[in-house]
Number of protein chains: 2
Amino acid sequence: MARTAAPGSRETILTAASGLFYVHGIRAVGMAQVIEAAGCGKNLLYKHFASKAELAAAYLALARQERERSTTEALRWSADPAGRLIALVEEIATTVRQPGYRGCAFRNYLTEFPGEDDAPARVAHDYLRDTRRQIADLVAALDRAEPDVLTDRLCLLVDGLYAGRPERAQVAVDWVTELVRPAAGPR
Amino acid sequence: MARTAAPGSRETILTAASGLFYVHGIRAVGMAQVIEAAGCGKNLLYKHFASKAELAAAYLALARQERERSTTEALRWSADPAGRLIALVEEIATTVRQPGYRGCAFRNYLTEFPGEDDAPARVAHDYLRDTRRQIADLVAALDRAEPDVLTDRLCLLVDGLYAGRPERAQVAVDWVTELVRPAAGPR
DNA sequence: GTCTATAGAAGGATAGAC
DNA sequence: GTCTATCCTTCTATAGAC
């Protein structure tokens, strides 16, 4: 019988690539670097990922999975829409405060590859569209007047939170709390 | 006799490079592309700019000049701090709404070259620091309680405005107006 | 023998720099 | 124009597990 394929080699490569891509940017990282970090041969990498674009798409897809896992976990303890919106922003604030934080992977990709319409760009655009829709749905559930304005404001705030410094994370959380619980008492 | 250097050749090259850098990103544009767009020889480019990093630094310095020209022009008609803050954000909103808008050049650079500490990175960091300080100064002039919180909120809002879609530009302007003129009547 | 893996050479394009 | 270097990708050669 033939030699069995190494299990988990795809994950090993993808994990190595993800770390490098996020820290240094995708354009700055060469395939040789990924291969060295993964400790595999070139053939194996190209067997799992036909091109660098596909590897980048897989990197973003994995990032989405991790983001969604964190988000659903954060939303687990809040039942009402206002609490869920606060938890949503709190989770992003926690992410932003992490030591190695280097921006949103999806927004970073679209900045690194502007105007492109390949597989990773679609993953990035889909993620941004879906997360904004999630905010819109929660705002709609708040049953307030002018939900569109509040949705836009929260999206603006989230975009600023992702882009900004960790020092402003708490300010964003406090602000959202104030916005979705207007009569919540002193801040 | 030797031929005299073409006057304005530096500006021609820098203008060509700036357009390409902003639209496609700096990493995506090669020096050959800049040379072709500028319609000059390679030697002339390297006479004016010793390296691509220097050309990128000049591109960002030019972008800063243009931003500051627009900003001072926008602030010209407002004397009070609140009006100036609104005008500041209105000017950014106008920029964001322009057809070819592709993000803030300085923030884009820092995303394309993370962790770098070269000449263009310094230009970018200086610009961000100074613009944030400008907001802080205007907020201080408002003479309100908790100026730091309002400053952070405005910076958050501005970051979100730069990062987001043009459709949200008006929302940002309205929000700032509400923030700095709390009793300004119906929106 | 057969399959998978690594390692390295080589293709072809393009990069920045002189 | 040229030089060197590096990019992504492919192909070849070899070693090891079944």
Side-chain angles (χ1 to χ4, degrees), chain A residues 1-60 108-109 112-121, chain B residues 2-3 5-6 9-10 12-14 16-60 108-109 111-121 123:
Chain A
M1 289 268 285
R3 177 180 176 182
T4 81
S9 66
R10 204 192 114 105
E11 278 66 27
T12 305
I13 295 169
L14 185 52
T15 303
S18 294
L20 291 170
F21 283 167
Y22 183 71
V23 173
H24 302 101
I26 295 169
R27 283 203 124 106
V29 174
M31 294 296 263
Q33 233 175 115
V34 175
I35 284 158
E36 195 195 341
C40 70
K42 304 184 215 277
N43 276 346
L44 185 59
L45 189 151
Y46 279 100
K47 196 144 293 187
H48 285 301
F49 308 98
S51 68
K52 192 181 184 181
E54 271 199 27
L55 181 57
Y59 150 61
L60 291 182
N108 286 355
Y109 178 84
E112 272 201 276
F113 299 86
E116 217 135 334
D117 188 30
D118 50 359
Chain B
R3 179 174 175 183
S9 65
R10 205 192 113 102
T12 306
I13 295 169
L14 185 50
S18 294
L20 290 170
F21 283 166
Y22 182 70
V23 173
H24 302 102
I26 294 170
R27 283 203 126 106
V29 173
M31 294 296 261
Q33 232 174 116
V34 174
I35 284 158
E36 194 195 342
C40 71
K42 312 184 200 211
N43 285 338
L44 186 57
L45 188 151
Y46 278 98
K47 196 142 292 187
H48 286 300
F49 306 97
S51 68
K52 191 183 184 181
E54 272 200 26
L55 181 57
Y59 149 62
L60 291 181
N108 286 354
Y109 178 84
T111 299
E112 271 201 278
F113 299 86
E116 217 134 337
D117 188 31
D118 51 357
V123 177

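Residue numbers start from 1 in every chain, and the chains themselves are labelled A, B, ... in the order their sequence lines are given, proteins ahead of strands.
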Novice: Without swapping roles, check the side chain of B/R27 against the backbone of A/E112 for a donor-acceptor pair under 3.5 Å.
Specialist: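 Flag not set: sc B/R27 to bb A/E112 has no pair under 3.5 Å.
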
Novice: Which pair of non-hydrogen atoms, one from B/E116 and one from B/A121, has the smallest distance, and what is that distance?
Specialist: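 What the structure gives for the nearest pair is O-CB, 3.5 Å.
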
Novice: If the test is side-chain contact (heavy atoms from CB on, under 4.5 Å), which one of B/L44, B/L55, B/V34 qualifies with B/F49?
Specialist: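 The side-chain contact (heavy atoms from CB on, under 4.5 Å) with B/F49 is passed solely by B/L55 among B/L44, B/L55, B/V34.
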
Novice: Do nucleotides 5-18 of chain C as a string where each nucleotide becomes B, S or -: B if the base has a protein heavy atom under 4.0 Å, S if just the sugar-phosphate does, - if no protein is that close.
Specialist: SBBBB------SBB

Novice: Can you check whether A/I26's main-chain N or O pairs, donor with acceptor, with A/K52's side chain at less than 3.5 Å?
Specialist: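 Here the side-chain-to-backbone pair exists.
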
Novice: With a 4.5 Å heavy-atom cut-off, do B/F21 and B/Y109 have their side chains touching?
Specialist: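 Sidechains of B/Y109 and B/F21: no contact.
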
Novice: Without decimals, in angstroms, what is the distance between A/E36 CD and D/dC8 P?
Specialist: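 Rounding to the nearest Å, CD of A/E36 and P of D/dC8 are 14 Å apart.
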
